[in-house]
Amino acid sequence: IMSQKSITSFFKPN
Amino acid sequence: MFEARLVQGSLLKKVMEAIKDLLNEASFDCAHSGILLQAMDNSHVSLVSLNLRKEGFDKYRCDRNIVMGMNLTSMSKILKCASNDDIITMKAQDSADTVTFVFESPNQEKVSEYEMKLMNLDQDQLGIPETEYCCIIKLPSGEFARICRDLSQFGESIVISCTKEGVKFSAAGDIGTANIKLAQTGTVDKEEDAVIVDMQEPVTLTFSCKYLNMFTKATPLSPQVCLSMSPDVPLVVEYKIGEIGHIRYYLAPRIGD
């Protein structure tokens with residue numbers, strides 16, 4: 001079973 | 001005053017097709033240097049980054065930076081009213097709450113004007129760190145679209161595995177498994193037909209089929225697509241937009257529990 005990470009766990013708000 | 005005129009208006013129509021399924025709304029940041037758009041999809045799984053340089057436009061004027069929040073469903077409806085060979089101009093007054101699209105037929109005999117209300121969008125801009133990618137793969141965009149479509153029949157994920165021999169796309173599901181290997185091409189007649197792998201370290205990552213398929217809506221923009229991968233960071237799928245700029249999609253990998 002795979003889970004999907006959010007893009008916000010890699011890129012943070014400026 | 002903001003005004004951007006594009007003789008090759010079909011590019012703007014194609015850009016809209018490339019983002020409208022992923023994003024409901026987005027802010028167009030218009031500045032002296034050009035237009036930037038950055039937005040996450042509703043599920044915050046992927047990020048779209050669009051860059052249109054002012055040099056790519058036939059006329060470009062931006063006296064003050066303006067942020068135009070647009071409903072992309074509405075913008076798409078309007079751009080569908082433009083013919084493929086129309087010249088498209090986007091314009092807005094400083095601090096206006098509307099944007100105007102002007103479509104001119106090539107012989108100037110028909111001029112259409114559409115005014116659209118702008119939205120106030122409170123969207124966070126994300127910082128995208130400079131990354132040295134382990135694998136950079138260039139391949140024909142139509143081939144990539146075909147692979148994503150074909151593998152979608154097998155499962156919800158596509159595994160992309162890059163080695164010095166080439167790149168392998170695979171999927172597995174209830175009906176069985178699928179593997180597609182692309183070897184690096186030797187000499188090709190047309191540069192756009194080439195498969196080029198620039199690999200520092202082999203990388204294998206798993207991605208959502210659904211999102212990859214949505215990114216391939218950008219296929220009409222460019223004959224080539226560039227995939228950049230490193231372990232445990234988002235994939236970058238990049239399409240050039242003629243001489244004017246590019247669209248990049250960032251997709252977080254799927255990970256095993």
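Remember, it's a predicted structure, so these values are computed and weren't measured experimentally. Below, read A as the first sequence line, B as the second, and so on, with proteins coming before strands; counting in each chain starts at 1. These numbers come from the heavy atoms of this one structure, side chains and all, not from hydrogens, waters or symmetry mates.
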Worksheet item: Tell me, side chain or backbone of A:Lys5 under 4.5 Å from chain B's heavy atoms, or both, or neither?
Response: both

Worksheet item: Can you name the ring pair (Phe, Tyr, Trp, His ring centres under 6.0 Å) partners of B:Tyr133, sequence neighbours left out?
Response: none

Item to complete: Run the salt-bridge test on B:Arg248 and B:Glu238 with the 4.0 Å N-O cut-off and return the result as yes or no.
Response: yes

Practice prompt. Assess the side chains of B:Arg254 and B:Thr206: does a donor N or O sit below 3.5 Å from an acceptor N or O?
Written response: no

Worksheet item: Non-hydrogen atoms of chain A under 4.5 Å away: do they reach the side chain of B:Asp41, the backbone, both or neither?
Response: neither

Worksheet item: Picking from B:Ser43, B:Pro129, B:Pro234, which has the most non-hydrogen pairs under 4.5 angstrom with chain A?
Response: B:Pro234

Discussion item. I need the full list of ring-ring contact (aromatic ring centres under 6.0 Å, His included) pairs touching residues 197-221 of chain B, with sequence neighbours left out, sorted by first then second residue.
Written reply: B:Phe215-B:Tyr249

